[in-house]
Amino acid sequence: MLNNRKAIEVYGLNFQYPDTKESALKDINFSVDYGEILGIIGPTGAGKSTLAMCINGLVPQVIQGDLVGEVFVKGMDVNEGNVAKMSEHVGFVFQEPENQLSQMTVEEEVAFGIGNLGVPREQMEGRIKDALKQVGLTGFEKRSPLALSGGQQQRLAIASVLAMNPTILIMDEPTSMLDPKGKNEVYDVLKSLKERGMTGIIIDHEVERIAEYCDKVLVLSEGQIQMFGPPNEVFSKIEHLHQLTMHAPQVTECLHQFNEQFNKDVKLSTNVEESARFLENAYKSI
Amino acid sequence: MNSLYMPKDSFIHNLDPRTKMIFVAFVVLSSFILNDPALQLLFLASLFPLVVAAKLVKPYLISMQFLLLFAVLIMTVHGIYNPIGVTPVFEIFGGLTFKYESMVYASVMSFRILVIGTAAVLFVMSTHPSDMASALVKWKVPHSFAFILLSTFQIIPIIAREAKIVMEAQQARCLDVKGSLIQRVKNLIPIFAPLFIITFMKVHQLSYVLECRAFSREGTKTSLRDTKIGSKDYAFLLGIVVFLTFEIYLQIFLSGSFNLTTNGLLTYSLIGTWAVFALMIAKFVIKRVQGFVGGMADA
């Protein structure tokens with residue numbers, strides 16, 4: 001039974017914050033397989049962060065509220081354990097880089113999480129080195145975290161989570177406070193994690209990147225799942241996205257505009273190369 | 001680095017933080033046992049070699065300047081006005097008389113501040129905050145308490161920056177920050193209210209982060225930096241014990257039989273603090289004048 005469980009399974013999840021009239025999450029069902037990256041998109045206030053925090057138990061154990069439904073991570077019921085126990089399996093990276101840092105130097109910051117897990121000192125150095133290498137911060141060990149740039153701080157936050165060896169990494173808008181360079185840095189890390197077979201959930205507004213890096217996309221609006229599937233499938237339903245005040249990647253939008261303007265029916269794609277080919281063929285026939 | 005810690009390679013720096021904490025406690029205790037200005041002055045002088053050993057002479061003297069301000073105030077005001085004084089020692093312009101008893105009282109108080117200040121400066125400047133935290137944990141201090149101490153160093157610069165942002169934002173909404181003193185005090189409210197809210201939000205967020213880093217996990221925790229009590233620490237602690245015994249012996253058996261405190265010592269220490277204080281003021285004034293002249297030249 002345990003072997004054919006998926007990495008993350010969510011069944012009939014409902015959640016309501018105290019003193020609110022409406023549920024933040026309504027009947028959420030989805031699953032993510034090992035090695036898959038799931039992108040969650042949706043307008044502000046859709047419940048994206050709440051959903052992400054349900055997966056490591058932060059909601060409802062630390063952030064109180066009424067939760068109905070079940071969340072399984074690696075076959076374990078999240079709400080049977082506690083967040084601290086879950087943190088060995090699920091790493092969580094938050095939005096603001098600065099709020100996640102609490103130590104005096106970069107290496108101590110990374111060592112903090114694994115120290116809480118009780119990893120002996122002899123193993124620490126190796127794990128710190130590995131984690132910093134994965135995010136490209138080798139050589140910054142003795143620096144103060146506050147002296148780093150935003151992108152570097154966010155990568156450090158990722159490194160401190162990675163050092164704890166989680167199977168699943170959740171990133172809640174990790175790039176929204178960063179400039180384009182910082183965004184690139186964070187997404188490069190995500191890409192290399194994907195190559196290592198890490199399971200991940202990323203919440204972001206950058207649909208182009210979501211389309212490029214994610215295996216599945218979940219569109220959330222007003223606490224309900226609107227769409228769930230591979231990026232190509234989700235972003236092809238462009239009108240539905242527009243209704244939800246969201247956008248598809250620019251290439252897809254371009255094809256859509258072309259269709260509208262010339263009354264054509266070109267197949268929508270999120271891939272630049274494919275889109276260019278479709279557009280070229282269609283343009284010849286005008 | 002946001003703390004006062006000065007990384008140097010010295011005997012004092014290599015001591016275990018626990019040894020140094022015991023040392024600070026010993027100094028505080030001694031400053032009360034040695035209830036005599038002359039002995040305290042001797043004690044202060046005997047602490048100075050430790051400062052030299054820690055290679056912290058310059059930062060130490062800079063931080064001592066501020067404590068000296070207290071010393072000057074206490075010695076002058078108490079020396080003249082403290083009612084316990086009976087025996088006049090010397091008189092300055094027109095009727096203001098320094099009395100022996102009140103000068104002893106004032107000297108003891110201000111030397112005590114200097115002595116304790118010296119130990120505290122020595123401890124803070126030679127101990128890495130993380131080491132202090134892990135040493136506290138070894139003393140069975142709760143992990144969360146050690147973390148609070150440590151994260152303070154981290155949050156202060158963040159709050160300072162947020163304060164600047166809030167101040168500028170409120171100035172942009174016509175908050176007068178250059179008005180009269182009363183007006184400025186009143187204006188602290190629109191600056192501090194948002195600042196507190198921002199800080200609470202940040203700390204709240206940090207608590208989620210800590211939860212995700214297994215902070216509340218039960219069981220042993222390890223840390224990257226290790227502190228060990230070695231032979232050096234034992235030697236140092238032995239020295240402290242010897243010194244303490246000597247002090248107690250001095251107080252109990254010899255307190256009545258000799259007296260180093262004389263009028264001269266009191267007068268010279270008072271004049272000495274005045275002289276240093278005058279130097280500080282002169283330095284400050286020269287700097288100001290230089291800045292002013294420099295500003296004129298630029299214009």
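Fair warning: this is a prediction, and the values are worked out from it, not measured in the lab. Each chain gets a letter, A, B and so on, in the order its sequence line appears, and its residues count up from 1.
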Trainee: If I take atom OH from residue B:Tyr5 and atom CE from residue A:Met104, how far apart are they, to the nearest 0.5 angstrom?
Mentor: 9.5 Å
Trainee: Can you list the residues of residues 48-67 of chain B that sit under 4.5 Å from chain A, counting heavy atoms only?
Mentor: none
Trainee: CD/B:Gln154 to CD/A:Glu109 distance, rounded to the nearest 0.5 angstrom?
Mentor: 7.5 Å
Trainee: Using heavy-atom distances under 4.5 Å, tell me whether A:Leu117 contacts chain B through its side chain, its backbone, both, or neither.
Mentor: both
Trainee: Test side chain to side chain contact (heavy atoms under 4.5 Å, CB included) on B:Ser223 and A:Met124 and set out the steps.
Mentor: CA-CA 9 Å; B:Ser223 85; A:Met124 268 186 175; 5.6 Å; no
Trainee: Less than 4.5 Å to any heavy atom of chain B: does that hold for the side chain of A:Asn99, its backbone, both, or neither?
Mentor: both
Trainee: Above 12 or not: heavy atoms from other molecules or residues under 6.0 Å from OH of B:Tyr234?
Mentor: no
Trainee: Can B:Ser130 and A:Glu108 be counted as having a side-chain donor-acceptor contact under 3.5 angstrom?
Mentor: yes
Trainee: Is chain B contacted by the side chain of A:Ala147, its backbone, both, or neither, given a heavy-atom distance below 4.5 Å?
Mentor: neither
Trainee: Considering residues, nucleotides and ligands other than B:Lys186, do more than 12 of their heavy atoms fall under 6.0 Å from its NZ?
Mentor: no
Trainee: Near A:Lys129 NZ, under 6.0 Å, is it more than 12 heavy atoms from other residues, nucleotides or ligands?
Mentor: no
Trainee: Say whether, by atom type as modelled, one donor and one acceptor occur between the side chain of B:Arg213 and the main chain of A:Phe112 under 3.5 angstrom.
Mentor: no
Trainee: Hey, are the side chains of A:Gln100 and B:Cys212 touching, using non-hydrogen atoms and a 4.5 Å cut-off?
Mentor: no
Trainee: Mind ranking A:Ile128, A:Val161, A:Val119 by heavy-atom pairs under 4.5 Å with chain B and telling me who comes out on top?
Mentor: A:Val119
Trainee: For chain B, which of A:Pro166, A:Ser102, A:Ala111 has the most heavy-atom pairs under 4.5 Å?
Mentor: A:Ser102
Trainee: When heavy-atom pairs shorter than 4.5 Å are enumerated against chain B, which of A:Ile63, A:Ile114, A:Val62, A:Val110 gives the highest number?
Mentor: A:Ile63
Trainee: With the side chain counted from C-beta on, respond yes when B:Phe147 and A:Gln103 share a heavy-atom pair under 4.5 Å apart, and no when they do not.
Mentor: yes
Trainee: Is the shortest side-chain heavy-atom distance between B:Arg217 and A:Asn116 below 4.5 Å?
Mentor: no
Trainee: Applying a criterion of heavy atom separation less than 4.5 Å, what residues of residues 82-96 of chain A form contacts with chain B?
Mentor: A:Val83, A:Ala84, A:Ser87, A:Glu88, A:Phe92, A:Phe94, A:Glu96
Trainee: With a 4.5 angstrom heavy-atom cut-off, which part of B:Ile155 approaches chain A: side chain, backbone, both or neither?
Mentor: neither
Trainee: With chain A, which of B:Thr222, B:Val209, B:Asp226, B:Leu210 has the greatest number of heavy-atom pairs at distances under 4.5 Å?
Mentor: B:Thr222
